[in-house]
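Inspection log for the structure reproduced underneath, given as structure tokens.
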Amino acid sequence: MSGSLPFYQKHHRHYDRAYRSKEVQSAVSQYHQSSSYAARSSSSRGLKASAYSGLEESSLSPLPKRAKPTFLAVDKENQIIGYVVPLFRGSQEFASGLSDTEEARLKESAGYLSRRDLFSSELKQEKVQQTSRRVAMRETAERIALSKTIHESEEFHKKMNEDNLLHAPEFVIKPRSHTVWEKQSVRLHCTVSGWPEPRVVWYKNNVTIDPLAHPGKYKIESSYNVHSLEVNRCDFDDTAQYRVSAMNTKGELSAFASIVVKRFKGEVDEYLPSPRHHGFCSEYGITFETHIVDTFNVSFGREGETLSLGCTVIIHPPLQRYQPEVQWYRDDVLLTPSKWMHMHWSGDRATLTLTHLNKEDEGLYTLRVATKSGYETYSAYVFVRDAEVEVEGAPGAPLDVFCQDANKDYVIVTWKQPAVDGESPILGYFVDRCEVGTNHWSQCNDTPVKFARFPVTGLVEGRSYMFRVRAVNKSGISRPSRASEPVAAMDPADRARMRGHPSAPWTGQIIVTEEEPAEGVVPGKPCDLAVTEATKNYVVLSWKPPGQRGHEGIMYYVEKCVLGTDSWQRVNTEIPVKSPRFALFDLAEGKSYSFRVRCCNSAGVGEPSDPTEATTVGDKLDIPSPPGRMVPTRNTDTSVVVSWESSKDAKELVGYYIESSLVGSKVWEPCNNKPVKGTRFVCHGLNTGDSYTFRVRALNAAGLSECSQESEPIEVKAAIASPAPPYGITVLESVRDSMVLGWKQPTFIGGADITGYFVDYREVIDGVPGKWHEANIKAVSERAYRVEDLKENMLYQFQVRAANMAGVGIPSMPSDTFKCEEWTIAVPGPPHDLQVSEVRKDSLVLLWKPPVYQGRDPVNGFYIDIKEAEAEEEAWRSVNEKATDKKYMKIKGLKEGVSYVFRVRAQNKAGVGKASDATESVLAVTRPGTHEIVVDVDDDGVISMIFECSEMTKDSQFVWSKNYEEITDSSRLTMETKGGKSRAIFNSPSEDDLGIYSCIVTHTEGASASYTLNEDELKKLLQISHDHKFPIIPLKSELAVELLEKGRVRFWLQAEKMSTNGKVDYVFNDNIISQGEKYKMNFDRNTGIIEMFMESLTVADEGTYTFQLQDGKATNQSSLVLIGEVFKDLQKQSEFQRKEWFRKQGPHFVEYLSYEVTTDCIVQLKCKVGNIKKETMALWYKDGREIKVDEKLSFTEGVLTLEISQISKKDSGVYEVVLKDDRGKDTSKLNLTGEGFKDLMNKVFSVIANSSTALKIQSTDEGIRIYTFVNYYNDELLVTWQYKDAAIIFTDRIKSGVVGEQLWLQINEPTEKDKGKYAIEFFDGKGGLKRTIELSGHAFDDAYAEFQRLKAAAIAERNRARVAGGLPDVVTIQEGKSLNLTCNISGDPVPEVTWLKNEREMVSDDHYVLKFEQGKFASFTITTVSTADSGKYSILVKNKYGTESGDFTLYIHIPLQVTPTSLLAVLSRLHV
């Protein structure tokens, strides 16, 4: 075996010593160093024990004789089963990391006591001695190691599986009730055990106590499993029942105690009610009245759904902070909160929520509300249907899976069979198990078991498991049942010991001894061996452990022997049994066996037990016999009570399943999905008026019995009972010897109509009532009766009893005491018998009867009062300001969901009388399924009113009234009723039938409605009736004509609807025409379209066309007149369409020739062609002459285009396009002459105008220019310049012109008068286009300034000095020659002239002659040129407007002189 502990032990806190305190660790560690029992060296024993950490297990062998103690108890398989704890060895919690509860447990342990007694002196001595540095370092190291061990242990605790140790909370000491004086303090104590540590909550009257909400009032403490609640300075409100609730994962437990706060005499609060003599709380004289209202009804749910049950609880008188005890029960078993059910109490409403329905949740749920004065309960049944099966025909899921007889490696799982077995009988059940802490379910049995009980073996001791069951039949496997509660595989004695001593929740057995363990002892024989259960699948044995077994664990071997042989065969050879229970499988059915058991431990195997008696393998528990005779009894409109005789000689009966079947259906449905144990059951959820039969089956663990005999069919309807007592007895009139009484109908009439009432009276003398006397022997049908033969001025009390066919009900409560005396008041008495009908969310109808006592004058009107039900008496208000003379009124304007009460007052001439008694509270709401009266007119024109009711019972009747008085005269109306629908038929509707018609359905919850027939409605109905008597086939469209392709003519109309029997006659000029060569007819009855086709129209076809329709007795006709111009136009269009069709057979124009002007003012002539092919030719012509186009025409897009750029008058003419091929030709012409050309040009002008830019201003040296640009300018374009919206008259100063695409207006020498708005208007034959600009303000000033600047610059440019010409760039002259150059000079004023030579000014002399004549001509003369005159010469002219210069270069040529010497030199150079 591995050296580590199993996870289910390693994860348990009690296997760890890490929670000791530091002081104890130090003391124990020192003790271990010196003690002979220290466990330092454990290798020889194969076991190591640590004082702080958990135990580590290694390979173990049976302990040798006199072996040193290991502080462990182990069995033969080396499984640790407990500790061996010497008395001197103890432990204390680690102070900083554990709860007070664990400290308390350790302090109570034997180790703590022994340490306190044996080592007190040593510890005291240790405190006195000075600890050496070495010891201190060792202790520090130990503490660090301890902290690490604690951390690791806590990590294990987070993952541990404690389910094998879990047990519900238990109160070791319960809180005690106290009686204290006012202003004293009181403390309630209790001690709670449980694992895990329970959470404790205190309640006061079922309301959680929150100390933070009442600072200083309550103090809650918890220490060492002792919990307390302290109430400081008690006052009257602290008198209550207090509850302490302890809860952990295994459940919740509560304990109760009361605190009674007494006062000294005379110190009673004024608001407390006065003491009463019965039904009161003795401490204060308070009687609590509890009412459970707004209850839940019988509920139906389905597995997996969520269902909430709730009731409103009213407790009177309401005391501050007093809360009742609210408890929920299912089948008389108290329910506690769990993950399956949540409970909530809001202070006035109790709610139980079933979070995930299973069939285990089915049953009778009871709410119990307890106060000091008693308790009230309310109960209703909850039915849970099976969820939808995953496999068609599979059975329902089993239920109530429970684990019993759990032991170390064995547990018996039981369950209940489902009511639904699917489409075939159940073959058996599979049991699944799941270890707590995992989600893995494994199947326990390979073959289905039929017995509803199965032993599961092979469990691991100490681990916890959950189980579930699945049913299987031929169709498949059911859904799994709800999982069982977790159960731990452990010895029942250990479980009982742990629950008895919850302060030490150890996994193994704790053995406290003062000496070393005894030597190994061979165990004795088991005793009381018996067969506890035997089926054909398995046999279960049980026995008691032997008395002699030593101090170590024992195991068992089971042996079997077939009857008639002496051969014993060991059954569990491989796996010894640890539990005193064992299930044997694989036994031969029908054979008999005997069994015996042996014990074994490390010392050896003991003697066998006494064998059992011979047991034959087979089912010992028989399936129950069928239940006896079944009797159904009526209960309510939706339920039936069934009873039956129990199964005879049934053993271990679990319960019964009841099934119902609708008569004639042969389909059986379960009435309950959870077995019931009694022999009486109420089957709910049945349909009112249907008949059912019932049968029942019994079940036990062996299976379900055969069905009982079917019951007699029974119709579902409410059982008839005597009615409840009437109430609200009042006096309507009183005279000297008689009184008229009125009363209200009983709230419950017993399921049958009330046949009458009986009135009793008695005298009241000096407050003492006498004997009752009958006032009437024969029942009275009205709710008013005159009691005669009374004595004047005597006091009387009255009581009333109602009767129906079931008998006379109990009498009402005695009325108030009335005095018999003559009424002499002038005003009338109160109206009576107020009834409410036609209740809707915003309206209702109130009916009443007039007062019996009229007063001095007859009653002439009534007033109706209304108020909300919860409002004060002062809230009454009148509905009508003017008295109504009717005895009914429809009250409107109600608020949905609000309850109201009503009363009526009568008036006469003397005034308004006493108000009637108020009605019962009426909730303004429209009930589901409410219908209104519907007016119908049938095919024969018969007018009727129909009212339908879905709440009908067998005894329900429709009662029709006119003006709220029952209709008894059948001369005007005939009533017909069938099922839940009633029809009132008008025999001969006329103005005599005007009025309000109403219908009430008896034996329902107020099903009623009304319909008002006024003059307008009557006229409308009579018209509809006439239309139905003489029906007309409605037409969606009248007869019309349209032209189709090829010029065909179609006449058609469409009718709304016609049957297959409908027919049509086609008439032309009063003659019926029929199908033939000329006329083609078609009638589509599905769409109602009627058609007639003609290929063409001739002169003979002029006339009137008529379609005559007939469908049964319904008829109609429609005509179309085609004569005169109408016919001629149609004929002409037909011919045109015909020609068009033939034209389109060859190449043709889809769109004829037209033009389009682009934004660039290019005119495009285009046409769209169709039905062309490769050989098709397209020719363009203008004025009959063919136009040669440069590029080949393309027909890919089907569009032919001819572009004309810069169009002008010469482009005017008639354009033509001809398409032709072998199929024919088509021609399209476009006339662009005269008006046609004018329109085209206007289009061009429009494009030009739209392309124009906004007007802009430009300054010149002459003035101001306004201009715009266009994309293209045409000489034919008409443009008008305007100034201040008037056309400008052009002069020399104001001119206009065109430069390229610029249109301008020039204003020379502008002045202030030229300011204003300027515009240019383009004319395009229509509205034209105008663009404007404002030349004023800054615009004018800026333009004018720029004009002045440019003008000055121009003047300067014209008058500045200039050298006009005459000087060459280069001058070459022979030396000795004379040079003369002249140039023109201009400028105003006359410029100054200066000559320069090589940038130096020259002066005139004899050699250089410089002249400037007439202000225009400047001359330069060199009389005799020499080489010294070579150089650059310049003339500079200058005036006030500027300076200009002219330059030339002078070269001097020296002639060559030829000499013999020079000639020879030249020749020699040439030779070289």
Side-chain angles (χ1 to χ4, degrees), residues 742 745 781-784 828 830-840 842-852 854 858-866 878-894 902-908 916 919 922 930-936 943-949 957-977 982-1002 1004 1006-1022:
Q745 179 176 296
S781 58
E782 298 292 332
R783 286 189 290 275
H832 67 285
D833 198 12
L834 275 65
Q835 298 184 36
V836 175
S837 65
E838 303 175 33
V839 179
R840 303 293 186 268
D842 56 356
S843 65
L844 55 80
V845 174
L846 181 65
L847 311 174
W848 63 89
K849 291 183 179 178
V852 178
Q854 299 285 318
V859 173
N860 57 20
F862 300 92
Y863 291 96
I864 294 86
D865 299 335
I866 183 176
S878 180
V879 175
N880 54 324
E881 297 180 358
K882 185 179 179 181
T884 177
D885 58 350
K886 296 180 176 58
K887 289 174 285 188
Y888 60 86
M889 175 174 283
K890 186 168 186 177
I891 301 172
K892 301 180 180 180
L894 305 181
F902 305 89
R903 68 185 186 186
V904 182
R905 295 170 292 145
Q907 78 165 9
N908 59 12
S916 67
T919 63
V922 181
T930 299
H931 297 275
E932 302 294 341
I933 293 178
V934 178
V935 179
D936 176 66
I943 303 173
S944 60
M945 297 177 292
I946 303 173
F947 184 57
E948 187 175 356
C949 179
Q957 293 182 352
F958 290 90
V959 179
W960 287 89
S961 302
K962 180 179 180 181
N963 296 330
Y964 295 98
E965 293 183 1
E966 186 175 353
I967 299 174
T968 57
D969 184 9
S970 60
S971 62
R972 305 297 308 172
L973 285 174
T974 301
M975 314 301 178
E976 294 180 357
T977 301
S982 179
R983 183 188 298 268
I985 304 172
F986 289 97
N987 296 332
S988 179
S990 64
E991 292 184 357
D992 295 337
D993 295 312
L994 300 180
I996 300 175
Y997 291 88
S998 61
C999 184
I1000 297 177
V1001 184
T1002 62
T1004 62
S1008 56
S1010 64
Y1011 167 73
T1012 302
L1013 181 62
N1014 52 33
E1015 292 184 6
D1016 294 338
E1017 190 71 12
L1018 179 62
K1019 291 179 181 179
K1020 178 180 176 182
L1021 292 175
L1022 291 175

Distance col, row M975:CE vs I967:CD1, nearest 0.5 angstrom, shows 4.0 Å

All heavy atoms of C949 vs all of A1007, minimum pair found to be SG-CB, 3.8 Å

Hits for side chain to side chain donor-acceptor pair (under 3.5 Å) against T974, two or more places apart or cross-chain, chain-then-number order -> N987

The side chain to side chain contact (heavy atoms under 4.5 Å, CB included) partners of E966 (sequence neighbours excluded) come to V959, S961

For V879, the side chain to side chain contact (heavy atoms under 4.5 Å, CB included) test, sequence neighbours excluded, returns I864, I866, M889, I891

S916 meets the side chain to side chain donor-acceptor pair (under 3.5 Å) criterion, sequence neighbours left out, with none

Those residues at least two apart in sequence (or on a different chain) that pass side chain to side chain donor-acceptor pair (under 3.5 Å) with R905 are D865

When rounded to the nearest 0.5 Å, the distance separating SG of C999 from CD of E948 is 11.5 Å

Requested in this report: Kindly indicate whether the side chain of N860, heavy atoms from C-beta on, has any atom under 4.5 Å from the side chain of Q907.
Outcome: yes

Any heavy-atom pair between the side chains of P831 and P850 that's under 4.5 Å?
no

Across all chains, not counting sequence neighbours, the salt bridge (charged side-chain N to carboxylate O under 4.0 Å, His left out) partners of K849 are E782, D833

Smallest heavy-atom separation, N880 atom then F862 atom, equals ND2-O, 3.1 Å

Contacts of D993 meeting side chain to side chain contact (heavy atoms under 4.5 Å, CB included) (sequence neighbours excluded), chain-then-number -> R972, F986, P989, S990, Y997, L1013

Value for CD1 (I985) from OG (S970), rounded to nearest 0.5 Å, stands at 12.0 Å

The salt bridge (charged side-chain N to carboxylate O under 4.0 Å, His left out) partners of E932 (sequence neighbours excluded) come to R840

F902 meets the ring-ring contact (aromatic ring centres under 6.0 Å, His included) criterion, sequence neighbours left out, with none

Residues passing the ring-ring contact (aromatic ring centres under 6.0 Å, His included) test with Y888, sequence neighbours excluded, are Y964

| said: Can a donor-acceptor pair be found, under 3.5 Å and without considering hydrogens, that links the side chain of Q854 to the backbone of V859? | reply: yes

The reported gap from OG1 in T919 to CH2 in W848 (rounded to nearest 0.5 angstrom) is 12.0 Å

Here the pair of heavy atoms bringing I933 nearest to A1009 is CD1-O, 3.5 Å

For residues 882-891, the salt bridge (Lys or Arg N to Asp or Glu O under 4.0 Å) pairs (sequence neighbours left out) are none

Tightest non-hydrogen contact, residues A883 and G861, listed as CB-CA, 4.0 Å

Residues at least two apart in sequence or cross-chain that pass side chain to side chain donor-acceptor pair (under 3.5 Å) with E1017, listed by chain then number, are Y1011

**Prompt:** Do any N or O atoms from the side chain of N963 and from the backbone of I996 form a donor-acceptor pair under 3.5 angstrom?
**Reply:** yes

Output for pair (I943 CD1, S988 OG), nearest 0.5 Å, gives 9.5 Å

Nearest heavy-atom contact between S1008 and E838 is OG-N, 2.7 Å

Looking only at heavy atoms, the pair that brings S837 and L847 closest together is OG-CD1, 4.4 Å

Rounding to 0.5 Å, atoms CZ (R903) and OH (Y863) come to a distance of 14.0 Å

